[in-house]
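Working notes, beginning with the structure itself.
Quick note on labels: first sequence line is chain A, next is B, and so on, each numbered from 1.
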2 protein chains.
Amino acid sequence: MSSSDKTLADRTYRQLRGDIVNGRLAAGSKLKLEGLAQDYEVGMSPLREALARLMGDLLVVSEGQRGFWVAPLSLDELDDVSRVRALIETEALNAAIRNGDAQWEREVTAAFDALAAVEEHLPHTSEALPPEQLETWEARNRAFHAALVSAAGSPMLIKLRALLYQQSERYRRVSLNVSRGWRNVHDEHRAIYDATMQRNALRACRMTELHLARTAEEVRKAMAALARDDDQVSGGKA
Amino acid sequence: MSSSDKTLADRTYRQLRGDIVNGRLAAGSKLKLEGLAQDYEVGMSPLREALARLMGDLLVVSEGQRGFWVAPLSLDELDDVSRVRALIETEALNAAIRNGDAQWEREVTAAFDALAAVEEHLPHTSEALPPEQLETWEARNRAFHAALVSAAGSPMLIKLRALLYQQSERYRRVSLNVSRGWRNVHDEHRAIYDATMQRNALRACRMTELHLARTAEEVRKAMAALARDDDQVSGGKA
DNA sequence: TGTCAATATTATTTCGATATTTTTTCGACA
DNA sequence: TGTCGAAAAAATATCGAAATAATATTGACA
């Protein structure tokens, strides 16, 4: 499938990662090895190798001799991830605005335009979004935020940012499955884009912080609602 | 060996990690699977699982169907790691000084005292340090820096800090094998400790930045010297 | 009825061998 | 002599089953 799928372990790693991030594999659920091996059509070796790599991405947790689980999501971790992501993301954006050349500007603009094309006809009401359109938005949102910081000149900062973005994406997908109303996220993206193009690092970082904080707040509400529902359900059964 | 060595893969992961960080496995060297399996007395499955996890720690790199290598060290990456580490470490220290309670103060003090006990009779001259004493210093230095930020209240910040500390340690060990002179690193540790105990976050962070920058500078010189020697050697042969 | 231990079951972990790919070697040919 | 390509060697990647550990079940006993 992907470019660097030289081995089965690579392919399985990517498939599992996608299924965890988009929530197809539920947070906290047990990963039964035999079942996974059948689902992904691989043997134990590449499967375990993929799971070991996912531990490094903080998407999977394990306990010796007891197996693997999808890393759980929690309100506390949401706050933690959001705060650290804001730190890393603003640091990277700041550096990118300092270092970025004309080529970078073109790439950011292209990514922004592609994202804008999807966002301009997002439902403002609480309609459900077709899954295919959601995936397009996710991909372009990811590409836009990645393009912004791509000129930071720091591979390590980029790497940590990618890790944290992925964590955030997991949380965001939860909220998209609960409250299907889209706040005007496009205005926030445009504010970041404009400030970046004006090389106004301070404003670009402030707008980024605001953007991340608002997203986190939305997720927090969705998770709190979910937790209430779960309590009701499990409470009703008990 | 370690506490959580429930599986062979765990044990092998820890052994390999230690051997990479302390330089026993040279940076950039090829990791031949059969040889490693014999050295560590394990089969392919736990070995590959351990290597996959080390990729997440940025200690091992791989290329599909071509195997694994110890992640290389470079001057560029040294700068990158040092800068990002300073960012994370000061953020964490700042939060710890804000949040730390009396128990935290006691732990930091205990870690500092233990470190001081080793550092006070370090050779100021360019004597070589006995390996056993070096390992003691490494362990206590790690424990001191970990204790400082332990009250940051942010698991993610702590996790990223640990990753970056480990990267730095790899580089530092290079310089310790080249220039065996110890600068007065104890004064720097004491300055950080004192400022922290006075809850002077600004000063504590400044002292930390200085400490990290000086260490990086020392490593940079050592690596530059090494690179010159290597050029001579490979140049002489070519 | 409740607890505990022995047993059965299920799941994870590991090994050894095989399949596949890459790298090296060697010889034909220009 | 140098280059190209085919065959041999070496190394990686994968499978399937055996070994090991954790969990669930059962029945004896208090």
Side-chain angles (χ1 to χ4, degrees), chain A residues 1-20 25-72 237-238, chain B residues 1-20 25-72 237-238:
Chain A
M1 190 170 276
S2 180
S3 56
S4 50
D5 277 355
K6 285 254 171 185
T7 68
L8 273 182
D10 277 349
R11 173 168 69 74
T12 309
Y13 164 72
R14 263 175 261 279
Q15 288 181 338
L16 273 169
R17 187 179 59 182
D19 287 344
I20 291 172
L25 289 168
S29 62
K30 182 75 198 288
L31 293 167
K32 297 236 179 97
L33 297 174
E34 206 162 346
L36 289 179
Q38 288 193 328
D39 291 351
Y40 294 90
E41 298 178 281
V42 288
M44 282 295 144
S45 312
L47 176 61
R48 291 183 67 90
E49 210 172 313
L51 290 169
R53 287 177 61 184
L54 290 165
M55 290 173 62
D57 294 344
L58 308 184
L59 294 176
V60 163
V61 295
S62 85
E63 218 176 308
Q65 306 282 21
R66 304 210 332 120
F68 300 85
W69 289 260
V70 179
K237 280 194 176 183
Chain B
M1 191 169 276
S2 180
S3 55
S4 52
D5 278 356
K6 284 256 173 185
T7 69
L8 272 181
D10 277 349
R11 173 169 67 76
T12 309
Y13 164 72
R14 264 175 260 279
Q15 289 180 337
L16 273 167
R17 188 180 59 182
D19 287 344
I20 291 172
L25 290 169
S29 61
K30 182 74 198 289
L31 293 167
K32 298 237 179 95
L33 297 174
E34 207 162 346
L36 289 179
Q38 289 193 326
D39 291 351
Y40 293 90
E41 297 179 284
V42 288
M44 281 296 143
S45 311
L47 176 60
R48 292 184 66 90
E49 209 173 313
L51 290 169
R53 287 178 61 184
L54 290 165
M55 289 174 63
D57 294 344
L58 308 184
L59 294 175
V60 163
V61 295
S62 85
E63 218 175 310
Q65 306 282 23
R66 302 211 331 120
F68 300 85
W69 288 261
V70 178
K237 280 195 175 182

### Message
Within this structure, what is the CD1-CG distance for the pair A/I20 and A/L31, rounded to the nearest 0.5 Å?
### Response
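With rounding to 0.5 Å, CD1 (A/I20) is 6.0 Å from CG (A/L31).
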What is the distance from [atom1] of [X] to [atom2] of [N], rounded to the nearest Å?
X: B/F68; N: C/dT22; atom1: CZ; atom2: P; answer: 15 Å
X: A/E34; N: C/dT9; atom1: CD; atom2: P; answer: 16 Å
X: B/Y13; N: C/dT13; atom1: OH; atom2: C1'; answer: 19 Å
X: B/K32; N: C/dT22; atom1: NZ; atom2: P; answer: 17 Å
X: A/L31; N: C/dT13; atom1: CG; atom2: C1'; answer: 16 Å
X: B/D5; N: D/dA21; atom1: CG; atom2: C1'; answer: 16 Å

### Query
Under the side chain to side chain contact (heavy atoms under 4.5 Å, CB included) test, which residues partner A/D19, sequence neighbours left out?
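Side chain to side chain contact (heavy atoms under 4.5 Å, CB included) check on A/D19 returns A/N22, A/R24, A/L25, A/Y40.
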Just compare [options] and give me whichever is closest to any side-chain atom of [X].
X: B/L33; options: C/dA11, D/dC15, D/dA13; answer: D/dA13
X: B/Q65; options: C/dT14, D/dA22, D/dA13; answer: D/dA13
X: A/K30; options: C/dC15, C/dA11, D/dT14; answer: C/dA11

### Task
Verify the contact: side-chain N or O of A/K6 to OP1 or OP2 of C/dT20, cut-off strictly under 4.0 Å; return yes or no.
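False: A/K6 side-chain N/O out of range (4.0 Å or more) of C/dT20 OP1/OP2.
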### Query
What are the residues of residues 38-54 of chain A, sorted by number, that bring a heavy atom to within less than 4.0 Å of DNA chain D?
A/V42, A/G43, A/S45, A/P46
### Query
Within a radius of less than 6.0 Å around NZ of B/K32, do more than 12 heavy atoms belonging to other residues, nucleotides or ligands occur?
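No.
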### Task
Write down the atom of B/V70, the atom of B/A27, and the distance for their closest heavy-atom approach.
CG1-CA, 3.8 Å
### Task
Can you see which heavy atom on A/R17 is nearest to which on A/D57, and at what distance?
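Heavy atoms only, the tightest pair is CD-OD2, 4.1 Å.
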### Exercise: do B/Y13 and B/D5 side chains pair donor with acceptor under 3.5 Å
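B/Y13 vs B/D5: no donor-acceptor pair found between side chains.
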